[in-house]
Amino acid sequence: MADETSIKVSAATRDRLAALAAEHSTTIRQLVQELAEGRPTQAEYAERAEQARAELASVLGTVPSEQAEAKARGLLERLGGCQDPAAA
(Lines give C-alpha, C1' and ligand atoms only; values in the text may rest on other atoms or scores of the structure.)
Protein backbone atom coordinates (compact mmCIF):
# COMPACT_ATOMS: atom_id res chain seq x y z
CA MET A 1 0.00 0.00 0.00
CA ALA A 2 1.39 3.36 -0.98
CA ASP A 3 -0.83 5.30 1.44
CA GLU A 4 0.44 3.91 4.75
CA THR A 5 1.39 5.24 8.14
CA SER A 6 2.33 3.75 11.47
CA ILE A 7 1.03 4.14 14.99
CA LYS A 8 2.95 3.91 18.23
CA VAL A 9 1.65 1.72 21.04
CA SER A 10 3.28 0.19 24.08
CA ALA A 11 4.99 -3.17 23.74
CA ALA A 12 2.25 -4.70 25.88
CA THR A 13 -0.44 -3.34 23.57
CA ARG A 14 1.45 -4.57 20.51
CA ASP A 15 1.72 -8.03 22.06
CA ARG A 16 -1.98 -8.07 22.88
CA LEU A 17 -2.87 -6.98 19.35
CA ALA A 18 -0.64 -9.73 17.97
CA ALA A 19 -2.36 -12.33 20.18
CA LEU A 20 -5.82 -11.09 19.16
CA ALA A 21 -4.84 -11.09 15.50
CA ALA A 22 -3.50 -14.62 15.74
CA GLU A 23 -6.69 -15.83 17.44
CA HIS A 24 -8.72 -14.39 14.58
CA SER A 25 -6.37 -15.58 11.84
CA THR A 26 -5.63 -12.05 10.71
CA THR A 27 -2.94 -9.40 11.02
CA ILE A 28 -2.57 -6.50 13.43
CA ARG A 29 -3.04 -4.18 10.45
CA GLN A 30 -6.36 -5.80 9.55
CA LEU A 31 -7.47 -5.91 13.19
CA VAL A 32 -6.86 -2.17 13.66
CA GLN A 33 -8.48 -1.38 10.31
CA GLU A 34 -11.60 -3.36 11.24
CA LEU A 35 -11.78 -1.56 14.59
CA ALA A 36 -11.48 1.86 12.95
CA GLU A 37 -14.02 1.06 10.25
CA GLY A 38 -16.44 -0.65 12.62
CA ARG A 39 -16.80 2.13 15.19
CA PRO A 40 -18.86 5.17 14.29
CA THR A 41 -17.50 8.66 14.89
CA GLN A 42 -19.45 11.24 16.87
CA ALA A 43 -20.53 12.81 13.58
CA GLU A 44 -21.76 9.44 12.30
CA TYR A 45 -23.74 8.87 15.52
CA ALA A 46 -25.33 12.31 15.12
CA GLU A 47 -26.15 11.58 11.47
CA ARG A 48 -27.78 8.27 12.42
CA ALA A 49 -29.82 9.98 15.13
CA GLU A 50 -31.02 12.60 12.64
CA GLN A 51 -31.93 9.89 10.13
CA ALA A 52 -33.92 8.08 12.84
CA ARG A 53 -35.74 11.31 13.74
CA ALA A 54 -36.56 11.92 10.07
CA GLU A 55 -37.86 8.36 9.66
CA LEU A 56 -40.02 8.68 12.78
CA ALA A 57 -41.34 12.00 11.54
CA SER A 58 -42.27 10.49 8.17
CA VAL A 59 -44.07 7.57 9.83
CA LEU A 60 -45.63 9.37 12.79
CA GLY A 61 -46.08 12.78 11.26
CA THR A 62 -44.13 14.40 14.11
CA VAL A 63 -40.71 14.17 15.69
CA PRO A 64 -40.29 12.56 19.12
CA SER A 65 -40.08 14.90 22.09
CA GLU A 66 -36.82 15.30 24.00
CA GLN A 67 -38.45 13.29 26.80
CA ALA A 68 -39.25 10.43 24.42
CA GLU A 69 -35.70 10.45 23.06
CA ALA A 70 -34.28 10.40 26.60
CA LYS A 71 -36.49 7.41 27.47
CA ALA A 72 -35.37 5.60 24.33
CA ARG A 73 -31.69 6.29 25.12
CA GLY A 74 -32.21 4.98 28.65
CA LEU A 75 -33.81 1.82 27.34
CA LEU A 76 -31.01 1.27 24.83
CA GLU A 77 -28.41 1.77 27.56
CA ARG A 78 -30.12 -0.81 29.77
CA LEU A 79 -30.27 -3.22 26.85
CA GLY A 80 -26.63 -2.57 25.96
CA GLY A 81 -27.46 -1.47 22.43
CA CYS A 82 -26.26 2.11 22.52
CA GLN A 83 -22.55 2.86 22.09
CA ASP A 84 -22.89 6.58 22.64
CA PRO A 85 -26.18 7.63 24.20
CA ALA A 86 -25.22 11.33 24.24
CA ALA A 87 -25.02 11.46 20.46
CA ALA A 88 -28.26 9.61 19.74
Side-chain angles (χ1 to χ4, degrees):
M1 285 187 146
D3 190 22
E4 293 183 352
T5 190
S6 61
I7 58 173
K8 292 185 183 260
V9 297
S10 68
T13 298
R14 180 207 54 223
D15 294 345
R16 181 166 173 80
L17 288 169
L20 287 167
E23 287 178 6
H24 294 276
S25 301
T26 190
T27 63
I28 292 175
R29 176 193 307 241
Q30 188 63 33
L31 192 68
V32 171
Q33 184 173 337
E34 288 171 7
L35 172 65
E37 292 173 355
R39 271 197 87 170
T41 64
Q42 293 293 323
E44 290 166 336
Y45 275 121
E47 182 180 343
R48 289 177 185 182
E50 189 53 42
Q51 288 172 345
R53 284 184 201 96
E55 181 65 22
L56 286 170
S58 73
V59 171
L60 302 175
T62 184
V63 294
S65 67
E66 288 184 24
Q67 267 186 325
E69 285 191 35
K71 278 184 167 180
R73 277 192 297 276
L75 177 61
L76 286 172
E77 285 177 34
R78 287 192 301 279
L79 295 174
C82 190
Q83 293 285 335
D84 184 15

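It should be emphasised that the depicted structure is a prediction, and the values quoted were computed from it without experimental measurement. When reading the values below, keep in mind they use all heavy atoms of this one structure, side chains included, and skip hydrogens, waters and symmetry mates.
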Share the residues that join L60 in a hydrophobic cluster, the rule being Ile, Leu, Val, Met, Phe, Trp or Tyr side chains under 4.5 Å apart at the heavy-atom level. L56, V59

Interatomic distance, CZ@R29 vs CG@L17, rounded to 0.5 Å, equals 13.5 Å

Is there a path from L35 to L20 through hydrophobic residues (I, L, V, M, F, W, Y) whose side chains come within less than 4.5 Å of each other? no

Checking A68 now: which residues fulfil side-chain contact (heavy atoms from CB on, under 4.5 Å) with it, not counting sequence neighbours? P64, S65

Is it true that E69 and R73 have a side-chain N and a carboxylate O under 4.0 angstrom from each other? yes

Mind checking what makes side-chain contact (heavy atoms from CB on, under 4.5 Å) contact with A21, not counting sequence neighbours? T26, I28, L31

Look at atom CD of Q67 and say whether more than 12 heavy atoms of other residues, nucleotides or ligands are closer to it than 6.0 Å. no

Just jot down the side-chain hydrogen bond (donor to acceptor under 3.5 Å, both in side chains) partners of E55, sequence neighbours excluded, or say none. none

Summary of side chain to side chain donor-acceptor pair (under 3.5 Å) pairs that have at least one residue in residues 12-24, sequence neighbours excluded: S10-T13

So, using side-chain contact (heavy atoms from CB on, under 4.5 Å) as the criterion, who are the partners of E44 when residues are at least two apart? P40, T41

